[in-house]
2 protein chains.
Amino acid sequence: MREKDTKERILDAAERIFAERGFAGTSLRAVTSAADVNLAAVHYHFGSKEALLQEILHRRVAPINQERAKRLDRIEARAAEEPPSVEEIVAAFLEPAVQLGDGPESDGRAVRALAARIYGEPRELVEPMIREEFGDLSRRFVALLGRARPELSRSEIESRFQFAVGVLIFVIAERYVSNLTPDSELDLNDREAIVRRMSAFIVHGLCAPPADARSRGGS
Amino acid sequence: MREKDTKERILDAAERIFAERGFAGTSLRAVTSAADVNLAAVHYHFGSKEALLQEILHRRVAPINQERAKRLDRIEARAAEEPPSVEEIVAAFLEPAVQLGDGPESDGRAVRALAARIYGEPRELVEPMIREEFGDLSRRFVALLGRARPELSRSEIESRFQFAVGVLIFVIAERYVSNLTPDSELDLNDREAIVRRMSAFIVHGLCAPPADARSRGGS
DNA sequence: GTATGATTCAAACGTTCGTTTGAATCATGG
DNA sequence: CCATGATTCAAACGAACGTTTGAATCATAC
């Protein structure tokens with residue numbers, strides 16, 4: 001038996017390659033070759049390529065969503081006494097995600113890139129996965145933001161939550177436009193600064209006055 | 001000769017299918033079948049699958065970037081007298097993009113989805129395209145934002161610009177998390193409201209105080 | 001050592017893919 | 001009408017794909 005078992009090696013290799021090439025652009029032969037295992041092992045251990053993707057997502061996303069849920073629990077418990085602040089809600093949303101995949105053996109970059117690129121895959125492939133992993137949590141975030149900003153309609157809160165998701169996904173995916181030019185001063189390795197800036201941007205965006213004249217119309 | 005010529009039919013069909021399935025997940029047979037043309041026509045007219053993608057991008061993105069460049073010209077001309085406002089810079093950035101692909105014959109949804117999903121494709125495929133189409137414009141937006149917010153470092157401006165890009169991409173891609181749950185009140189057809197809200201969110205995010213203690217350190 | 005289930009293996013299946021090829025057809029000008 | 005280049009066509013090429021198959025090997029318990 002190898003040092004790291006076959007299943008784990010497949011998961012690690014697939015994670016990296018799915019992140020770079022997407023689901024359709026990743027062949028199982030590329031994965032098994034990178035994992036140094038036999039092609040049939042994928043079917044033996046996972047049943048299908050699609051199930052492999054699902055399992056990769058789950059193994060990475062479940063821990064961060066558990067952490068988010070814990071943080072939400074604490075915020076919700078205190079919300080009975082006083083409304084939550086946008087800052088703490090944003091922290092609960094962002095912090096688990098920006099640490100995604102970091103560990104002693106890995107800097108988590110591929111994991112985060114994969115989590116981000118899921119949003120670009122064909123809808124029928126990933127919407128069930130997204131709904132399953134994030135549906136409940138997003139409802140809870142939206143509800144808490146509603147407590148923090150009661151003058152906004154549910155619809156406007158949902159929009160703003162979505163904008164925050166867009167920022168986060170772009171940041172964790174490290175897909176940048178401006179640093180493609182030679183004069184860019186953006187240092188992608190300064191993650192702390194980027195996270196701090198992102199948090200400030202999102203908090204301030206969320207704290208904007210209502211953009212809708214009839215913002216309370218939808219409730 | 002058909003009503004619409006072969007080349008145009010291929011471009012239209014490919015645009016739609018690339019947007020749904022991504023580059024690797026799109027077969028030329030799917031495209032040619034949808035366009036009701038012969039498979040070899042793709043190679044005859046475009047040379048390769050990749051060149052087809054490039055041409056699709058260019059035909060859609062070039063007009064919006066021309067419009068953006070025109071708006072930038074106007075803002076830059078006035079910037080000699082007084083600093084530009086964040087609002088007008090954001091409008092110059094967003095408005096051409098949210099109208100992307102809208103015309104008498106098409107609601108532009110597929111076009112926008114494709115423009116958005118380009119960011120998820122393998123880097124070596126799309127970075128040259130992105131650099132070519134957006135490199136110069138992003139430099140100009142960053143420079144103008146620097147004029148509007150001189151207390152921020154170039155690096156922090158670039159980060160914020162990137163966050164704005166993330167929001168825009170998510171919105172034009174119509175990839176939502178919260179509306180996947182049955183109780184969502186987000187109406188994706190109310191584009192005007194969504195754009196208005198997005199603009200407010202971005203403007204307020206960009207107007208946040210410096211997140212970096214040494215924000216002017218990079219200049 | 002033997003039996004049994006788990007795991008890995010190499011080969012194959014049937015399908016699909018982007019690209020190429022040479023012939024057929026079309027469009028246009030002289 | 002003929003010549004010529006443009007365009008479309010059907011077939012094929014060589015490669016790649018996810019999945020399946022049955023045999024071989026491994027691991028473990030008795």
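Below, chains carry the letters A, B, ... as their sequence lines are ordered, and counting in each starts from 1. These values consider heavy atoms only, across backbone and side chains, with no hydrogens, waters or symmetry-generated copies. Keep in mind that what you see is a predicted model, and the values were worked out from it rather than measured.
Checking the phosphate oxygens (OP1, OP2) of D/dC17, a side-chain nitrogen or oxygen of A/S27 falls inside 4.0 Å. Not one side-chain nitrogen or oxygen of B/S48 sits closer than 4.0 Å to the OP1 or OP2 atom of C/dG18. For B/N38, a side-chain nitrogen or oxygen approaches OP1 or OP2 of D/dA10 to under 4.0 Å.
A straight line from CG of A/L28 to P of C/dA12 spans 20 Å, rounded to a whole angstrom. Atom-to-atom, CG of B/D36 to P of D/dT7 comes out at 18 Å; the value is rounded to the nearest Å. Put simply, NE2 on B/H45 is 14 Å from C1' on D/dG5, counting in whole angstrom units. Between B/H43 atom NE2 and C/dT21 atom C1' there is a gap of 12 Å when expressed in whole angstrom units. Atoms CZ (B/R29) and C1' (D/dA12) sit 11 Å apart, rounded to a whole Å. Whole-Å rounding puts the B/Y44 OH to C/dA23 P distance at 17 Å. Between A/L39 atom CG and C/dT7 atom P the separation is 18 Å, expressed in whole Å. One atom, NZ of B/K49, and another, P of C/dT19, lie 8 Å apart when rounded to the nearest Å.
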What pairs of donor and acceptor atoms, side-chain ones from residues 16-25 of chain B against any protein atom, are under 3.5 angstrom apart with sequence neighbours left out?
from	atom 1	to	atom 2	distance (Å)
B/R21	NH1	A/E124	OE2	3.1
B/R21	NH2	A/E124	OE2	3.1

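Using a 4.0 Å cut-off between charged nitrogen and carboxylate oxygen, B/R140 and B/D73 count as a salt-bridge pair.
Nucleic acid contact class of A/T32 (heavy atoms, under 4.0 Å, all strands): none. Across all strands, B/A41 comes closer than 4.0 Å to no nucleic acid atom at all (heavy-atom distances).
No side-chain donor from either of A/R154 and B/S184 sits under 3.5 Å from a side-chain acceptor of the other.
B/R68 meets the salt bridge (charged side-chain N to carboxylate O under 4.0 Å, His left out) test with no other residue; sequence neighbours excluded.
Closest to the A/A40 side chain, of the nucleotides D/dT20, D/dT19, D/dT8, is D/dT20.
Taking the six-membered ring for Trp and the full ring otherwise, the centers of B/F170 and A/Y119 sit less than 6.0 Å from each other.
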